[in-house]
Amino acid sequence: MKMSFDDLHRPFRAGMRRIEHKEWWLWTSAALIIFLLTLGLISFLIPMLQSAGLETGNLQIKPLARGLLGLVLLFDIYVVYQQLHIYRIRRQFLEREEVFRVITENAADLIAVVDKNGRRIYNSPAYQKILGYSPEELAATSPLEQIHPDDRARVLGAAEKARLTGSGERVEYRMRHKNGSWRVLESTANVICNAKDEVEGLVVVNRDITERKRAEETLAHNAVHDGLTDLPNRTLLLDRLGQAVAHSHRHVDFKFAVLFIDIDGFQVVNDSLGHAAGDALLIQVARRLTASLRRSDTVSRSQYAHEYPTLGDITLARPGGDEFVALAEEVRNPSDAIRIAERIQERLAPPFSVNGHDIVVAVSIGIAFSGNTSVDPQDVLRDAEIAMYRAKSSGKARCEVFDNAMHASALKRLQLEAELRKAVDRSEFLVYYQPIVSVGNRQIVGFEALSRWQRPERIVMPDEFIPLAEETGIILAINRRLIPEACRQLRSWQQLFPSDPPLFMSVNISPKQFAQDDLASEIGRLLQESGMDPRCVALEITETIAMADPARSAAMLAELKTLGVGLDIDDFGTGYSSLSRLQSFRVNTLKIDRVFVSRMDSDHETHEIVRIIVMLAHNLGLSVIAEGVETEAQLNLLKHAGCELAQGYLFSKPADPQTIGKLLASNRAGTIPAFRANAASVG
Ligand code: C2E
Ligand code: MG
Ligand code: MG
């Protein structure tokens, strides 16, 4: 049964029309009949009255009858005129109704008329457009049927209120689309009353606000989720953590663990492959982490108790950067949390494929276990982070559980960072120099510039501050000062001890520096300002940095090469580079790492490796510096292997410029023993 506005009003309009016609004919016929009757009566009565001799001089029958007829005619005309007027008013009413009909039929809102028994007697066409139901389908069902069961009571309440007060409140509810999905409607109801002011039904106007709701929900979702991985962000994590902390206060048996997961060396990926690749990696890591933390609902818990050591939920969040946090609820003890951490590490072990590169990801995980940790959610997170830093500093790719000693060491680290920043401002960094000598005649041919931190009580060695300086970026400021200072010093020694070729200086380039896109222009500027011949300067890049992103390294090294500087691969042998790849980097020199040099006189195999490295390097046109030469035996072996340059405590430890100046003087004078005596006294 089609029930449209037209249908609703068709009988009414047809009735109106019928009544109009009937009345018209009735009144016109009545007027005509009355007129004809009057006329007939008069024509019948006049001769009768005249023959009865009723006509006198004063009483003339005919004019009287004419007058009466005229009156009847006037009355008839009046009646017909009235009918015409009524007809016109009704027409106007119908036209106005037509306008209302057009508006209702075309309105985007869903308009329904419900009778006092709750039956739908009209649904606007928007119902079909928005909800997919035909008028027949709607008529065949109760209005409540398509409403979400959870919303029905509210809708009925609003309708009842409308009936009692005349107009209902705005109510939001879900209605099922014919395709099974839910649409959100915003609705207001108004009553229709009859002439006796009794409620006859309701007019309900519904607006489809699904898209608006969706947009609002998206905004609300985005406020607490990370845009890249769609995992909960820090805000939502802290909220859930707050709930876990509160729950643990109420229930002593409830324990939770926070696992702070940080990708080792992520910065290298980001700096070398670019941010887009870094983002792609984070998305893949997030997926694997989610999968590794998901408990299959179909498996029995006891069977998988080892794999799923938590009885409650695990929330994975990404508070920022390369950090992920898992909040595991209902964990029994720290060992359970460690098992979760091991599972994560295991699942992340297979390489990730990003832009055609296979990337192996290791993570350091810090665990804060409720009971051993703070009570404020922020502090719990911080404790887990501190434990993560401990895991990183004790060799990465591992996990650590937070304890109070860690808290103390984290505070120390923060203090060290603050002191490092102050040290930069106060120029507390010194440059020490370690000679590089020719293996054949022990002549000093150059130096490596190495940083030292002059503190009031002692001189601090690089391994105590370089890692933190690198992590915090302070290394950039340190090296920006080191290069001009080392150049100034070299110029002075070159003038005092002229040689052919002249003395050279090597400086170390850290991963943070190498990641700087403007590194070449910065070094070019520093060299120009110090007036140093670039050919006398070599830049040392570790093999690991160079190999992190070979394509970028090749481009960056080519750019540095255009400055005219030499390029050295530092700590060679500790990474996984092939010699031919290094040749494509157009480097000049390999610095064989001291682990090989230190073992070569006791281990034949290492000796062989060094010999082969030297041979292959020479074949590729590279020169070789052996690092960490401490004994005559090592020097002899290097000489036989054909290694031309060496650096190590055998000749001198890194030392201040005055000491090195004296060393140079004796070295040039050929007094090697004095040279060695000096070496023992410096650090
Ligand atoms: P590196 O570039 O491989 O520097 C050589 C390190 O080996 C120096 O340690 C040096 O003292 C040490 N060494 C040299 N010969 C011997 C030896 O015969 N035996 C032993 N046991 N060690 C020897 P140092 O000065 O402590 O520097 C350590 C690392 O710190 C350097 O390794 C370098 O990577 C980094 N570094 C130092 N200063 C700077 C700097 O100003 N900038 C950057 N980016 N890194 C620096
Ligand atoms: Mg070096
Ligand atoms: Mg080295």
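Residue numbers start at 1 and run along the sequence shown. Note that the coordinates shown come from a computational prediction; the quantities given were computed from them, not determined experimentally. Each ligand, and each atom within it, is numbered from 1 in the order the structure gives.
When the heavy atoms of Glu630, Gln634, Arg481 are ranked by distance to atom 20 (C) of ligand 1, first place goes to Glu630. Atom 7 (O) of ligand 1 has its nearest heavy-atom neighbour, among Lys591, Glu540, Arg594, in Arg594. Between the choices Ser506, Ala655, Pro462, Gly628, the shortest heavy-atom distance to atom 27 (O) of ligand 1 belongs to Pro462. Nearest to atom 11 (O) of ligand 1 by heavy atom, out of Pro654, Ala486, Ser451, is Pro654.
Annotation: Phe465 is in aromatic contact with Phe429 [ring centroid separation under 6.0 Å].
For the ring pair (Phe, Tyr, Trp, His ring centres under 6.0 Å) test, residues two or more places apart in sequence or in another chain that qualify with Tyr433 are Trp493. Judged as a side chain to side chain contact (heavy atoms under 4.5 Å, CB included), and not counting sequence neighbours, the contacts of Ile466 are Pro462, Ile475. Applying the side chain to side chain donor-acceptor pair (under 3.5 Å) test to Glu470 and every residue at least two apart in sequence or in another chain returns Ser510.
Counting only distance, with no hydrogens or angles, the side chain of Asn441 and the backbone of Gln443 share a donor-acceptor pair below 3.5 Å.
Nearest protein neighbour of atom 5 (C) of ligand 1, counting heavy atoms only, is Glu627 OE2, 3.8 Å. Given atom 31 (C) of ligand 1, the protein heavy atom at minimum distance is Leu450 CD2, 4.0 Å.
By the definition of a contact as any protein heavy atom under 4.0 Å away, atom 9 (O) of ligand 1 is not in contact. Remark: atom 15 (N) of ligand 1 lies closer than 4.0 Å to at least one protein heavy atom.
Residue contact annotation: Glu448 has a non-hydrogen atom under 4.0 Å from ligand 1. Ligand 1 is never approached by Ile478 to a heavy-atom distance shorter than 4.0 Å.
Excluding water, every protein N/O/S atom under 2.8 Å from the Mg ion (ligand 2) is given here by residue and atom: Glu448 OE2, Asn508 OD1, Glu540 OE1, Asp570 OD2.
Atoms of ligand 1 lying under 4.0 Å from any heavy atom of Leu482, numbered from 1 in the order shown and given with element: 41 (O). Residue-ligand proximity, Arg452 to ligand 1, at heavy-atom distances under 4.0 Å covers atoms 25 (O). In the vicinity of Gln434, heavy-atom distances shorter than 4.0 Å reach the ligand 1 atoms 10 (C), 14 (C), 15 (N).
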>> Between Lys512 and Gln267, does the side-chain hydrogen bond (donor to acceptor under 3.5 Å, both in side chains) criterion hold? Intermediate values first, please.
In response: CA-CA 9 Å; Lys512 265 259 155 64; Gln267 200 50 40; over 6 Å; no

